[in-house]
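Below, chain A is the first sequence line, B the second, and so on; all start at residue 1. Excluded from the calculations below are hydrogen atoms, water molecules and symmetry mates; all remaining heavy atoms, backbone and side chain alike, are included. Keep in mind that what you see is a predicted model, and the values were worked out from it rather than measured.
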Amino acid sequence: MLVATWNINGVKARLETLLAWLDERRPDVACLQEIKSVDEAFPGAEIEKLGYHIETHGQKGFNGVALLSRSAPLAGSVLRGLPGDPADEQSRFIEALFAVPGSETPIRVACLYLPNGNPLGTEKFPYKLGWMDRLEKHAALRLAEETPCIFAGDYNVIPEPEDARNPADWLGDALFQPESRAAYRRLINLGYTDALRATTEQAGVYTFWDYQAGAWPRNNGIRIDHLLLSPEAASNLRSVAIDKHVRGWEKPSDHVPVIAEIA
DNA sequence: ATGCCGTCCATTGGACGA
């Protein structure tokens, strides 16, 4: 079973790229972030033609997440919005249960777009940390269920210096603040496995290259898109891939897809 | 470098992102 995460930076602007990638990779579940679309405007017809079911949690102009899946979520299992703050208007979280081919146990897939948090010194950074606190509580709740679960998405956190080509450039950035990194470690310390780091200790593995300043041709990247696996999912982890070549396509997103194969 | 690039929304320029 292939579970993917990809910040596509605008689903309407990225539709052809998304279709090409879905056709090439055929993930069972794809978590999309920054769809930048309301639910009604999500360009679903061509995606459905490729055999995908679509669940969205959209928002006008920015943010927005979606779950694409080869089979529909189990009835009543879709949750929109991260629990813990009814006043939070931003669409950054959607999760659902999916049947696993050849298994009696379904898997829960949560798709998240964690707040960026920049610039420091504004209300954006405490919003990020508060969101991470809520995520930790929800992840702990899911962990206690002792069932296969994946929290996949754009975490907007560079976990370690080796996850950036030039870590010194990020010292003043919300993505690499000690508080952001500590909150990410708390998720890991609950008992979740960073899928990529379960498969390699290599530095220089990135998922994002800025559009600016020649970041892509210079390979000035960072690793901020992660799949965190519950023990029940991590036990069946086969491999992790980063579809880096997609960054070289026409009109690319600044992020590339990350895919975990779970047995 | 309060810069660079890109998307969206609104109307040629601002908000937002990382």
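Salt bridge status for A/E179 with A/K128: absent, with no side-chain N to carboxylate O gap under 4.0 Å. Look at A/E145 and A/R142 and you find a salt bridge, because one of the NZ, NE, NH1 or NH2 atoms lies within 4.0 Å of a carboxylate O, short of that distance. No salt bridge links A/R80 with A/E95; every basic N to acidic carboxylate O contact stays at or beyond 4.0 Å. Here A/D254 does not pair with A/R247 in a salt bridge; the nearest charged N to carboxylate O distance is not below 4.0 Å.
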What verdict does the salt bridge (Lys or Arg N to Asp or Glu O under 4.0 Å) test give for A/R197 and A/D163, after you've listed the backbone C-alpha separation in whole Å, the side-chain angles of each residue and the deciding distance to 0.1 Å? CA-CA 10 Å; A/R197 281 292 169 240; A/D163 295 313; 2.9 Å; yes
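Per the geometry, CG belonging to A/L120 stands 14 Å off P belonging to B/dT2, to the nearest Å. The nearest whole Å value for the distance from the OH atom in A/Y206 to the C1' atom in B/dA18 is 16 Å. The distance from atom CH2 of A/W216 to atom P of B/dA18 is 18 Å, rounded to the nearest whole Å. B/dA18 atom C1' lies 17 Å from atom CZ of A/R181, rounded to whole Å. What separates CG of A/D169 from P of B/dC4 is a distance of 17 Å, to the nearest Å. Separating the CD atom of A/E16 from the C1' atom of B/dT7 is a distance of 17 Å, rounded to the nearest angstrom. Between the CG atom of A/N220 and the C1' atom of B/dA18 there is a distance of 12 Å, given to the nearest Å. Put simply, NZ on A/K60 is 14 Å from P on B/dC8, counting in whole angstrom units.
Taking the nucleotide of DNA chain B with the nearest heavy atom to each of A/A213 and A/D173, the more 5' of the two is matched to A/A213. Remark on DNA chain B: of its neighbouring residues A/F208 and A/K12, the 5'-side contact belongs to A/K12, judged by nearest-heavy-atom nucleotide.
Taking the P atom of each, B/dC8 and B/dA18 are spaced 14 Å apart, rounded to whole Å. With P as the reference atom, B/dT2 and B/dT12 are 28 Å apart, rounded to whole Å. Spacing of P atoms, B/dC16 relative to B/dG3, comes out at 14 Å, to the nearest Å. Nucleotides B/dC4 and B/dA10 have their C1' atoms positioned 24 Å apart, rounded to a whole Å.
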Measure all distances between protein nitrogen or oxygen atoms and nitrogen or oxygen atoms of nucleotides 11-17 of chain B, and list the pairs falling under 3.5 Å.
unit_1: B/dG17; atom_1: OP2; unit_2: A/K124; atom_2: NZ; d: 3.3

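By the 30° and 60° cut-offs, the orientation of the rings of A/F151 relative to A/F93 is tilted. The aromatic rings of A/Y155 and A/H226 are tilted relative to each other, their planes meeting at an angle between 30° and 60°.
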